[in-house]
Amino acid sequence: DEIIMEKYSHVRVIGEGSFGRAVLVLCRNTQDKYVLKEIQLPKNQSKLQSSRREAVLLSRMKHPNIVAYREAFEGDGLLCIVMEYCNGGDLLQRIQQQKSSQFTVENILKWFAQMCAGAKHIHDKRVLHRDLKSKNIFLTDDGSVKLGDFGSACVLNSSKAYAQAYVGTPYYVAPEIWDNKPYNNKSDVWSLGCVLYELCTLRHPFQASSWKSLILKVCRGAYPPLPNHLPYELHYLIKHMFKTNPKDRPSVHTILTSHRISRLLRSHL
Ligand code: ADP
Ligand code: MG
């Protein structure tokens with residue numbers, strides 16, 4: 001904590017995970033707020049590299065819809081990543097606050113277009129996020145969304161993209177992952193489809209009381225139909241994002257440029 005204290009002062013803990021915690025801090029010089037993510041560094045050398053990957057990959061991103069990296073430092077067995085603070089909290093909290101009143105179509109399209117723009121930036125840099133979910137998407141006070149938590153991200157086609165034991169929440173995991181196929185850019189598209197569906201219905205598309213029946217539903221691509229009042233383009237898009245064969249799913253680039261919904265989305269960017 002001593003390194004932190006020199007430059008930043010602790011305000012409050014805003015998130016706690018399995019690897020550490022996210023703390024809201026104040027920069028002593030500028031009085032600006034940041035989030036400092038503390039990650040417990042493992043002693044094991046190869047695991048050490050993968051812990052550092054989060055900071056390395058986040059630092060390569062520069063986009064209005066991705067949480068901005070500021071700096072990272074290590075000490076006392078901790079890796080600290082300092083990043084932009086999104087004061088609207090995460091999208092999961094926002095969805096839960098919504099209770100039963102639905103988001104407007106305008107709102108859904110705007111947020112989804114921004115998520116796609118962020119994801120496109122990540123994929124263009126040949127990086128996969130691998131943990132896209134409403135809890136890892138943050139809101140700013142101007143009402144826009146930013147992708148965060150690069151703790152599972154990896155470089156495309158690296159051996160790390162293969163056969164990595166899955167940790168985390170299972171609702172957003174694409175069928176090919178359950179089938180032990182390598183993670184690819186279309187697996188991120190599946191997860192974004194899950195977030196889009198959540199925005200449309202306030203529910204997960206694939207939900208079950210056991211792992212086994214959840215995986216079965218995911219691998220069949222069987223989800224409850226969207227409400228009828230939503231525009232045809234959204235029904236059509238969700239259907240494509242939930243194609244069980246990743247080859248049949250659109251890339252984020254396609255969604256933003258040549259899908260039936262592209263013009264509608266771009267008008268919200
Ligand atoms: P973990 O690896 O533990 O999931 P995250 O980076 O997702 O770590 O952070 C955990 C939680 O802390 C998030 O779900 C979010 O609620 C909050 N959080 C993290 N980073 C930020 C940020 N930059 N702005 C606002 N909230 C954040
Ligand atoms: Mg997270």
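If you read the sequence from its start, that first residue is 1, and numbering goes on from there. We count ligands from 1, going down the list as the structure has it; atoms in each ligand are counted the same way. Since the model is a prediction, treat every value here as computed from it, not as a measurement.
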Do any nitrogen or oxygen atoms of [X] lie less than 3.5 angstrom from nitrogen or oxygen atoms of ligand 1?
{"X": "Cys86", "value": "yes"}
{"X": "Glu16", "value": "no"}
{"X": "Asp90", "value": "yes"}
{"X": "Asp149", "value": "yes"}
{"X": "Asn136", "value": "yes"}

Answer yes if the side chains of [X] and [Y] hold a donor-acceptor pair under 3.5 Å, and no otherwise.
{"X": "Asn185", "Y": "Ser187", "value": "no"}
{"X": "Ser134", "Y": "Tyr172", "value": "yes"}
{"X": "His123", "Y": "His253", "value": "no"}
{"X": "Arg203", "Y": "Gln207", "value": "no"}
{"X": "Tyr69", "Y": "Arg60", "value": "no"}
{"X": "Tyr34", "Y": "Arg70", "value": "yes"}

Identity and separation of the nearest protein heavy atom to [atom]:
{"atom": "atom 11 (C) of ligand 1", "result": "Gly15 CA, 4.0 Å"}
{"atom": "atom 9 (O) of ligand 1", "result": "Ala22 CB, 4.2 Å"}
{"atom": "atom 26 (N) of ligand 1", "result": "Ile14 CD1, 3.5 Å"}
{"atom": "atom 19 (C) of ligand 1", "result": "Phe138 CZ, 3.6 Å"}
{"atom": "atom 3 (O) of ligand 1", "result": "Gly17 CA, 3.3 Å"}
{"atom": "atom 23 (N) of ligand 1", "result": "Glu84 O, 2.8 Å"}
{"atom": "atom 22 (C) of ligand 1", "result": "Val35 CG2, 3.5 Å"}
{"atom": "atom 2 (O) of ligand 1", "result": "Lys37 NZ, 3.1 Å"}

**Study point:** Criterion ring-ring contact (aromatic ring centres under 6.0 Å, His included) against Phe206, the qualifying member of Trp190, Trp178, Tyr171
**Key:**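 For Phe206, the ring-ring contact (aromatic ring centres under 6.0 Å, His included) test succeeds with only one of Trp190, Trp178, Tyr171, which is Trp190.
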Exercise for review: Pick out which of Leu199, Leu139, Ile137 makes a side-chain contact (heavy atoms from CB on, under 4.5 Å) with Arg94.
Suggested key: Leu139
Exercise for review: Output the list of atoms in ligand 1 that are nearer than 4.0 Å to some heavy atom of Lys135, sorted by atom number.
Suggested key: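 Taking each heavy atom of Lys135 in turn, ligand 1 has 13 (C), 14 (O) under 4.0 Å.
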Check your understanding: Has Asp149 got an N/O/S atom less than 2.8 Å from the Mg ion (ligand 2)?
Key -> yes
Check your understanding: In the single-linkage hydrophobic clustering (I, L, V, M, F, W, Y; side-chain heavy atoms under 4.5 Å), do Met61 and Leu156 co-cluster?
Key -> yes
Exercise for review: Indicate the ring-plane relationship of Phe103 and Trp111, choosing parallel, tilted or perpendicular according to the 30° and 60° boundaries.
Suggested key: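 Ring orientation, 0 to 90° scale: perpendicular.
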